[in-house]
Amino acid sequence: MMQTPYQRLAPFIQDYIYSNGWTDLRQSQVEACRVLFETDAHLLIAAGTASGKTEAAFLPILTLLSENPSQTVGALYISPIKALINDQFDRLNDLLKYADLPVWAWHGDVTRSRKKKLLTLPKGILQITPESLESLLINKNAELDRLFGDLRFVVIDEIHAFMGSDRGDQILCQLARLAKQTKNQPRRIGLSATLGDYGLAEDWLRSGTAQSVITPDIQGGARNIQLSIEHFYDPGLVVRAKGETKDSAFNPYHLHLFHQSQGRKCLIFANGRTATEDAIAALREIAQAKGFPDIYHVHHGSISAPLREAAEAAMRKPDTPAVTAATVTFEMGIDLGQLDRVIQLESPSSVASFLQRLGRSGRRGGAAEMRFICAEDKPTGEEPLPEQIPWQLLQAIAIIQLYLEEKWIEPLHSAKYPFSLLYHQTMSVLVSLGELSPGALAQQVLTLAPFRSISQDEYRQMLRHWIEIDHIQKTVEGGLIVGLAGEKIARNFKFYAIFPDVEEYVVKQETKTIGSIVVPPSEGDRFSLAGRIWEVLEVNSKKKIISVQPTKQTGTSTSWRGSAGNIHTRVLQRIRKVLQENTQYPYLQEGAKNRLQAARKLARNGLIQNPVVLLDEEICCLFPWAGTIAFRTLERFLRFHCKPTLGLKSIKARSPYFLIVRLGKCKVESLEYEVRSLAEGRLNLDNLLDLEEAPKLQKYDEFIPPNLLRKSFVSDYLNIDELAKVIQQW
């Protein structure tokens with residue numbers, strides 16, 4: 001008689017399920033067991049947040065490893081962030097209490113002694129980030145077979161966070177190099193709650209292997225979603241008399257945020273670190289003035305590990321109010337227990353991000369509740385037409401409608417010419433393997449899946465360039481080794497990461513580390529960090545340490561570098577439709593309803609009918625309704641073609657919403673004619689760069705020959721075909 005998935009599980013796992021009061025396995029877990037027990041295929045588990053994806057992967061993996069123990073590390077779990085590793089480490093340790101299978105967390109915060117234990121007796125499950133895996137490939141190359149020679153499974157969590165990025169391509173390179181070194185190809189399991197095109201995810205997951213990928217059809221059932229959007233005009237700085245606690249004494253935008261989160265387990269998402277700091281500093285001030293307890297935390301990459309862990313612990317503590325403002329660090333699958341509410345400040349940049357953040361609430365079968373709060377500066381009456389449009393409000397509506405109406409999620413865009421990553425992997429291979437002939441090096445690197453579009457001639461050109469700048473050295477025998485200049489790069493711990501590193505100053509209160517900031521203030525200045533205001537006592541530029549003390553006085557916001565990411569053309573097209581249609585969206589609150597009505601009335605005065613609008617005699621505005629990449633292409637067309645040809649005086653852009661053009665002697669009809677000509681898609685994109693321009697956008701672009709940087713920029717950062725389609729719809 002055939003066993004059920006539950007009966008097939010190892011006895012210690014059945015005991016775990018019974019002792020934790022599970023009544024049955026979830027569908028994702030049943031289907032994962034079928035695939036891993038009955039086939040040799042890779043597995044993609046695409047299911048909603050809190051659907052048991054982690055257990056779906058590990059229940060059958062641990063069963064198979066307990067029945068047939070691996071002679072080395074048996075399963076590799078790759079995570080985008082350390083916090084997720086720490087969270088899953090605790091969950092897996094609980095699951096493995098009665099099994100002879102250790103779990104090892106490996107990242108920058110793990111002690112050297114703990115890592116040494118794994119290196120001494122490699123077995124069980126290793127949880128790691130891509131950066132730490134790169135370090136192992138380089139520094140433990142001679143031991144890779146002993147560590148991973150019998151590796152059976154690779155679990156990649158939150159694969160949507162990797163796909164379409166250099167960091168995701170780095171993982172594909174690492175897995176291919178590891179398989180080549182150990183002559184062993186483990187099965188891959190990808191986990192995600194946010195995937196649009198399963199086919200693209202399957203192609204990515206199987207990349208460089210011969211196995212197929214099975215994606216079970218996991219029915220999530222109808223989700224109970226509760227959404228609301230409110231809009232405010234932000235009056236800016238509100239001066240409050242000492243001791244004043246009336247509501248009128250506070251910024252209405254912050255007061256609304258306070259009431260929405262008061263006494264709740266609430267997660268506040270913002271689109272940048274500065275916004276999280278501003279929100280928590282304001283909430284803490286209101287709570288203190290009104291005599292409420294301090295339940296406020298900040299969670300982002302520049303907060304010290306102890307403070308991040310304190311925020312995570314507070315959010316997990318049951319039946320106790322806690323409010324944390326976070327960036328993408330809490331988008332991932334960290335288990336925060338039962339949240340009362342998720343609040344989004346402004347609009348996320350994508351449907352995918354919206355779904356990730358929405359999924360943080362509604363766990364344990366409850367309704368998923370998300371409240372958007374959008375704000376604009378209080379109008380003066382002097383704003384030009386495009387700045388009278390509430391772009392963040394409209395974008396939030398567009399993103400919600402794209403999901404509700406179509407279940408649409410952004411497709412992933414992978415770079416065709418990831419030259420920065422090619423430099424990184426070339427140096428990594430040379431450091432780890434030592435001297436290689438040019439042909440052997442090309443065989444090791446150029447065969448990796450992310451580099452399939454890069455020709456041998458282009459690689460030869462790069463090798464010659466790296467030899468010229470002493471990053472690679474040619475030996476007497478004709479082999480290649482790392483040069484002196486290359487050693488300084490590749491032997492630095494910052495080399496392991498493919499994303500750019502930023503010089504940050506550590507902020508300390510006596511011996512306690514608060515976090516870090518990029519731009520150092522001066523002594524006596526005040527700034528916000530970890531949701532508090534600090535006064536600078538001393539700035540040690542040599543050690544990059546800022547000594548501070550807490551203060552109750554107001555301070556300035558701390559700024560971090562970063563971008564909101566690309567916005568897809570579908571989102572801009574849906575914004576346009578929001579302005580065109582008369583639909584009354586049920587989730588809009590009174591302020592948002594009134595603001596949308598005013599925006600629609602304004603838009604129907606010509607903005608919708610004609611994307612080129614004359615603002616006065618010599619200033620016009622273009623509303624292209626195009627996403628970030630197509631918008632960038634149009635902006636460069638205006639600067640490099642229209643400006644010299646038509647004599648335009650200036651071009652200012654607010655990507656990807658509008659462009660302000662000062663016409664000079666040019667007629668608006670001439671400009672519109674030139675722009676509409678792009679609908680034929682015949683533009684040579686090489687003409688949209690200066691003769692000497694070679695944009696350096698990735699970490700190691702400074703080491704790439706200029707002609708190849710130009711090729712990469714034209715291919716991966718511009719798109720005339722997409723722009724042509726948009727213009728055809730005007």
Side-chain angles (χ1 to χ4, degrees), residues 130 134 162-177 200 203-204 207-208 410-430 438 441-469 471-472 486 489 495 497-500 563 565-566 568 627-633 635-637 640 681 683-723:
E134 193 73 48
F162 291 123
M163 294 166 58
S165 71
D166 268 359
R167 203 166 177 231
D169 285 345
Q170 179 185 14
I171 291 175
L172 296 181
C173 291
Q174 292 169 338
L175 295 182
R177 289 168 57 192
L200 288 174
D203 289 344
W204 185 87
S207 181
E410 291 82 2
L412 293 155
H413 173 75
S414 295
K416 190 175 181 181
Y417 299 108
F419 290 127
S420 176
L421 178 66
L422 182 61
Y423 168 87
H424 180 268
Q425 288 298 296
T426 297
M427 300 301 289
S428 181
V429 165
L430 277 179
L441 179 59
Q443 178 62 29
Q444 287 284 339
V445 177
L446 213 53
T447 55
L448 299 174
F451 310 132
R452 53 186 168 268
S453 297
I454 299 172
S455 70
Q456 289 189 7
D457 284 342
E458 288 168 334
Y459 194 50
R460 286 192 197 97
Q461 181 188 348
M462 282 189 282
L463 289 178
R464 286 194 294 268
H465 179 70
W466 295 332
I467 290 171
E468 288 174 7
I469 63 175
H471 283 236
I472 290 177
I489 303 293
F495 173 74
I498 189 58
F499 50 82
S563 65
N566 288 342
H568 197 275
T628 305
I629 293 177
F631 185 97
R632 182 187 296 126
T633 308
E635 181 184 357
R636 283 187 163 258
F637 174 73
F640 288 92
L683 178 67
N684 182 349
L685 292 177
D686 288 320
N687 295 330
L688 301 189
L689 284 82
D690 277 329
L691 291 175
E692 301 299 323
E693 185 180 8
K696 296 178 177 62
L697 303 171
Q698 300 300 324
K699 185 174 183 178
Y700 298 111
D701 279 355
E702 62 182 300
F703 308 132
I704 307 301
N707 66 311
L708 296 181
L709 282 182
R710 291 168 65 87
K711 181 174 185 176
S712 171
F713 184 78
V714 166
S715 170
D716 297 330
Y717 292 89
L718 302 177
N719 192 327
I720 187 59
D721 293 334
E722 182 179 334
L723 179 58

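Numbers here simply count residues along the sequence, with the first being 1.
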Next item on the list: State, with a plain yes or no, whether a side-chain heavy atom of L412 is found less than 4.5 Å away from one of S165.
Entry: no

Checklist line | Exercise: identify the closest heavy-atom pair between F495 and H424 | finding: O-NE2, 2.8 Å

Item checked: Least distance between heavy atoms, R177 atom then V429 atom -> NE-CG2, 3.7 Å

With sequence neighbours excluded, what pairs up with [X] under the ring pair (Phe, Tyr, Trp, His ring centres under 6.0 Å) test?
X	answer
F419	Y417
H568	W408
F451	none
Y459	none

Give me each pair satisfying salt bridge (charged side-chain N to carboxylate O under 4.0 Å, His left out) with a member in [range], each pair once, sequence neighbours excluded.
range	answer
residues 459-469	D457-R460
residues 697-706	D501-K699
residues 710-723	E458-K711

For residues 688-696, dump all side-chain donor-acceptor pairs below 3.5 Å to protein atoms at least two apart in sequence or in another chain.
residue	atom	partner	partner atom	Å
E693	OE1	R636	NH1	3.2
E693	OE1	D690	N	3.0
E693	OE2	R636	NH1	3.4
E693	OE2	R636	NH2	2.6

Next item on the list: For side chain to side chain contact (heavy atoms under 4.5 Å, CB included), just list the numbers for T426 and M462, CA-CA rounded to whole Å, side-chain angles, deciding distance to a tenth of an Å, and then say yes or no.
Entry: CA-CA 10 Å; T426 297; M462 282 189 282; over 6 Å; no

Reported [atom1]-to-[atom2] distance for the pair [X] and [Y], which is rounded to 0.5 angstrom:
X	Y	atom1	atom2	result
S420	Q425	OG	CD	10.5 Å
Y717	N566	OH	CG	9.0 Å
I489	Y423	CD1	OH	5.0 Å
I498	Q698	CD1	CD	7.5 Å
L200	S414	CG	OG	8.0 Å
L463	I472	CG	CD1	5.0 Å

Notebook entry, point to check: Under 3.5 Å, is there a donor-acceptor pair linking the side chains of Q461 and N707?
Noted result: yes

Sequence neighbours left out, what passes side chain to side chain contact (heavy atoms under 4.5 Å, CB included) with [X]? Give chain and number order.
X	answer
N687	N684
I469	H465, W466, H471, F703
D203	R206

Note to self: Could you check whether any side-chain N or O of T633 sits under 3.5 Å from a backbone N or O of I720, counting only pairs where one atom can act as donor and the other as acceptor?
What the structure shows: no

Checklist line | L723 vs L683, side chain to side chain contact (heavy atoms under 4.5 Å, CB included): CA-CA, chis, key distance, verdict | finding: CA-CA 11 Å; L723 179 58; L683 178 67; over 6 Å; no

What donor-acceptor contacts under 3.5 angstrom involve side-chain atoms of residues 166-176, with partners at least two apart or in another chain?
residue	atom	partner	partner atom	Å
R167	NE	E131	OE2	2.8
R167	NH1	P80	O	3.0
R167	NH2	P80	O	2.8
R167	NH2	E131	OE1	2.9
Q170	NE2	E134	OE1	2.9
Q170	NE2	Y496	O	3.0
Q174	NE2	P130	O	2.8
Q174	NE2	E134	OE1	2.9

